[in-house]
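Nothing here was measured: the structure is a model prediction, and the numbers come from that model. Every chain is numbered from 1, with letters handed out A, B, ... down the list of sequences.
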Number of protein chains: 4
Amino acid sequence: MRFFSDNAAPVHPAVMRALSEVDTLDTAYDGDRWSKQLDGRLSHLFETDVRAFWVPSGTAANCLALAAICPPHGSVVCHRDAHIQNDECGAPEFYTHGAKLLLADGDGAKVTPETLEAVLNVQRYDIHQQVPSAISITNQTEYGRAYTADEVAAIGAVARARGLHFHMDGARFANAVVATGASPADLTWRGGVDVLSFGFVKNGGMNAEALVFFRPELADATVFRRKRAGLLLSKGRYLAAQILAMLDNDLWLDCAHASNDGAQLIAAAAGERLIHPADGNEVFLRVTADEAASLRAKGFDFYDWGPGEARLVVSWDQRADDIRPLAEAIAAL
Amino acid sequence: MRFFSDNAAPVHPAVMRALSEVDTLDTAYDGDRWSKQLDGRLSHLFETDVRAFWVPSGTAANCLALAAICPPHGSVVCHRDAHIQNDECGAPEFYTHGAKLLLADGDGAKVTPETLEAVLNVQRYDIHQQVPSAISITNQTEYGRAYTADEVAAIGAVARARGLHFHMDGARFANAVVATGASPADLTWRGGVDVLSFGFVKNGGMNAEALVFFRPELADATVFRRKRAGLLLSKGRYLAAQILAMLDNDLWLDCAHASNDGAQLIAAAAGERLIHPADGNEVFLRVTADEAASLRAKGFDFYDWGPGEARLVVSWDQRADDIRPLAEAIAAL
Amino acid sequence: MRFFSDNAAPVHPAVMRALSEVDTLDTAYDGDRWSKQLDGRLSHLFETDVRAFWVPSGTAANCLALAAICPPHGSVVCHRDAHIQNDECGAPEFYTHGAKLLLADGDGAKVTPETLEAVLNVQRYDIHQQVPSAISITNQTEYGRAYTADEVAAIGAVARARGLHFHMDGARFANAVVATGASPADLTWRGGVDVLSFGFVKNGGMNAEALVFFRPELADATVFRRKRAGLLLSKGRYLAAQILAMLDNDLWLDCAHASNDGAQLIAAAAGERLIHPADGNEVFLRVTADEAASLRAKGFDFYDWGPGEARLVVSWDQRADDIRPLAEAIAAL
Amino acid sequence: MRFFSDNAAPVHPAVMRALSEVDTLDTAYDGDRWSKQLDGRLSHLFETDVRAFWVPSGTAANCLALAAICPPHGSVVCHRDAHIQNDECGAPEFYTHGAKLLLADGDGAKVTPETLEAVLNVQRYDIHQQVPSAISITNQTEYGRAYTADEVAAIGAVARARGLHFHMDGARFANAVVATGASPADLTWRGGVDVLSFGFVKNGGMNAEALVFFRPELADATVFRRKRAGLLLSKGRYLAAQILAMLDNDLWLDCAHASNDGAQLIAAAAGERLIHPADGNEVFLRVTADEAASLRAKGFDFYDWGPGEARLVVSWDQRADDIRPLAEAIAAL
């Protein structure tokens, strides 16, 4: 059984069906009838007028977002373990034309108003330094933690007070919504978020993520940037369809419920081994090399995450029966 | 009936089936068993060792190619009607970090050794000008013309003599192969092409193109550039599968045969109206505004291409019976 | 005698003296008392509130200007012989992060409303093309022509009607002012110019040019871009001093009068050989290779400017007695 | 008396004289007889064949150096207090097209093999992260410390073992040479340094720094990058002359001796207040806000450097008699 990445999971059958349903003639790029539904459907979901774009990857969503809210001579404060810092090969720098990421601390890859202020307070705000322009957080974080709506709002307050834009990397936004029980609106724009990378691929999609602007005027140049980056795919309806299928009947929430529940099973078995509370679909455990090897010998696959640490990720398609053997193996270590 | 773009066509059923066949657990990004087949399958097709990458758009393929063969302080000679100049919103400049396109002339969007030399000869080759670094041609061209293998080789000879790299934008490479009867090898690297954007989307694919390096050492940085651009999709097997399905049993050639044949029907009916010989799946006609309106009134959809000109594109899924009504309507104008 | 470039001339003694006068302790960068005078002095000269920056080169001035008025996904229309197109090794693309130059025609490197419209009218204004964002003209042009105030205003009207910004490369602005007799204000912002590269180096300065924004709000990011490009020199007072010295007692006009007058002497002798009217300090002649060789044999140095053409440039420090021998030699050809 | 920056000092009389000596006709850009001497003169000084460029600022020198040794998808390890990280408004990101700086620790802004390894060891060296490509150190550092030749060589050994290039920001290289007594060669290329930003402006120059490549093949693209950045000034002889004047009769060492000696006077008076050993011309002191105010009341000007800290910089032109009053005032606090 594979627990190394939710990227490795297959695509939800409803998404596959949706591809067939749009498999007909229509306008190229994003002029088709499905692409045109994105704004409306996501505005409804978020209870406010949004401007939404499909893009084929989370990196693309994140970096188009950052380019919209940070000039080349600006800087973005994020957690030092953020995906945009460590796992995108400098895509933020490429898309922003050289903005700088400023790195904040915090348990479980969660920044706090205090850790953000600590970074912001040592900036000089003169022409010799890149100007702090935005805050970017990941929800659920790189260590499987979820920011609550209140926590988001507290960070939003820092952003507002400092005149900063606020981006949320929601590659696992669905898991955070399920984990916190907050509404999508409360977890984002009501807390001050300007733009969200709304992930679907890890949660049952194939290759479509939504980039959602809660302040539509920020998106004016994004239409050009998406094209200019080779991200305006010519048959866009096959991306739009995936997102729409995930939204239909709250499939996105069902999938996240499934993977979060699976992670709970593992976390419950892990007990003291847990490094971070398992809010969503990822569990980080303390395991010795021998223990890790013994789990692998039993057929469980996962990533080491630094020395003595393992990351186990549950995917949307893994059922309790699939996960219980792993939970038992961990409990038996 | 729509003749405005081969991007508007649906996806070939074999490609849809291929998506289902890879719809299972596997390694993320391009570590899966299908992505790993690309190099081998394309090396076989091209009769030489190639290094190949899937990417989700033709713009991405073109611009990763250009970034591999032209430094920021370099320039690329292309036709003044080239897609990279007119239809990619500056993606070449984005990916190359500001290289310049130098524009050459030629009938039917085809450059020739002479028109290339005319551009190259007025460059000064000093530090005040960007250094000519590459030639890029489109085959089939933006006006539906195909370069023959001999024509490619003649341009390749210019490239070699000048120390320039040579890129081919093959968004409709299949149509050019069918039109010329040349082998894929003869139409590319044997004529000096270093890197090919091998298009599948317009020819029955969904959202996967192949970027093919005939000089594998040129691709070393491309692995990073693809990631850094947000183009390394996390479930890459769904892109690889499309390309493999198109290659299976020469489906890519069958599709191009179909669309080229359809265009021949139209061209034959067009007679003196033809602006360019219709080598592939695109036909450019002289029509008055009234004539264009009358065709549209009959349900035929297409783009105006400058005043008094119409572009008609045949897609892989259009059969002779679908096209004959258009041919008759044109003949009857 | 050297007539190959006004860059080769020495520095005016008043500029050298000014360097000595600021050779004392003061604040670094542009916080010193001389740098702080630039805005006021240039506002006075231009009869409007301007925001001005010293920079060490004309390329720097031009490209900071373009970066202020054209986004990466934009385009700038200029003459196909413009310095920004042919002589800056892609600096506009570097500073704008990949904007495109669109090339217009016109005699003597002068664009006209008609030639600009011809370029603008074939742009599609959709997301597949870089958006026309600015016009840039050179005054005096690369072929020694001056735009009159009326001509500038006619181009300004195109810019206004199209919603474009308007930049003037004034590497030889002084020569254009003298040639036309127009006031600095009439030749720039009253005609719609938003930002001027005001050159001093070719006219007696050492290494300081002024970048002058007539719409100060356009300059907000320029303070960062100048720093970020390594152009915010640490002892800025030595640049400010040069500009102030050139402005004192209209030295800049005196120098331009001298070089323009010298060019008139040559032009008068050239007669039918003149390729373009010699408005300023540059003369372009038809000469055979033998004639060019004979002039050089007599000690006159100049650049060939394409086959059968020679460019002769007069510098601020060349007096009539210095030039007469050349004029006579040309007349005697 | 001003102790806030060596950038505020005037220009050495010998440099002013040198400007007069080159104030004559010569070839533009760097084709003149003085610019052509740089390679030879610096090769002699460094006892090896170097390729050298004048540039008008230290930021320009640093960032052209980094662009030569780090691709856009690479990273550069430097101290977290490095000038390139904190004081250049993202110029490294601009010139490298988005490379990332990785931040290492160390007392007095000095990295060590251990602190470099600590950063390098947590990099993953896969395509999801920018590839470590270079190490950059500052000598003398931002806290006035000098790396000895042995310390440089130890870092050079890390670079060699890791396949990294090695850059030295020598804005105050002269002070480091004087402080350590090492030869210029021992302090740079013999210790593995590939490229040096050799500063003159803080040490008596006006606006010329030297960028020195000890591995000349690394500089091939630099000729274009310098032009493309607007840094190839048209009257380059006035920059070359400054560097040559500073090298004549070891003036650069005399100036650094003077400022280092002055700093020693202050440091000796400071005693326990010293935060870092004062190796060069900068002294960092612990002072309360009241103490700082009292010093300022006596006419001494300097920067606060974080709470309770003051930075005092001695310039080349300050003599012992100028400094003694400050030393006494500090001793009397």
When the 4.5 angstrom heavy-atom criterion is applied to A/S315 and chain B, the contacting part is neither

If one checks every heavy atom of A/F224 against chain B at 4.5 Å, the contacting part turns out to be both

Any side-chain heavy-atom pair from A/W34 and A/I243 closer than 4.5 angstrom? no

Residues A/S259 and A/N203: side-chain donor-acceptor under 3.5 angstrom: no

Hey, which of A/P92, A/A60, A/S5, A/G90 has the most heavy atom pairs under 4.5 Å with chain B? A/G90

Quick check: does any side chain N or O of B/Q242 sit under 3.5 Å from a backbone N or O of B/M206, one acting as donor and the other as acceptor? yes

Part of B/T24 lying under 4.5 Å from any heavy atom of chain A: backbone

Shorter than 4.5 Å, heavy atoms on both sides: which option in A/L233, A/D301, A/L239 has the most such pairs with chain B? A/L233

Once you measure the plane-to-plane angle for A/W252 and A/F173, does it fall in the parallel (<30°), tilted (30-60°) or perpendicular (>60°) bin? parallel

Salt bridge flag under 4.0 Å for residues A/D304 and A/R296: yes

Which atoms of A/L64 come close to chain B, meaning under 4.5 Å heavy atom to heavy atom: side chain ones, backbone ones, both, or neither? neither

Heavy-atom pairs under 4.5 Å with chain A, option from B/A9, B/G58, B/A61, B/S20 with the top count: B/A9

Top contributor to chain A interface from B/D26, B/T59, B/N207 [non-hydrogen pairs under 4.5 Å]: B/D26

Residue from B/A28, B/A229, B/S57, B/G236 scoring the most non-hydrogen pairs under 4.5 Å with chain A is B/A229

Among A/R237, A/E88, A/H97, which residue forms the greatest number of heavy-atom pairs with chain B at distances under 4.5 Å? A/R237

Under a 4.5 Å heavy-atom cut-off, does chain B meet the side chain of A/R225, its backbone, both or neither? neither

Honestly, the part of A/D6 sitting under 4.5 Å from a heavy atom of chain B is backbone

Do A/E282 and A/N175 have side-chain atoms, one donor and one acceptor, less than 3.5 Å apart? no

For a side chain to side chain contact (heavy atoms under 4.5 Å, CB included) with A/H167, tell me which candidate from A/L196, A/I69, A/V76 qualifies. A/I69

If you measure from the Lys or Arg side-chain nitrogens to the Asp or Glu carboxylate oxygens, is any gap between A/D322 and A/R2 under 4.0 Å? no

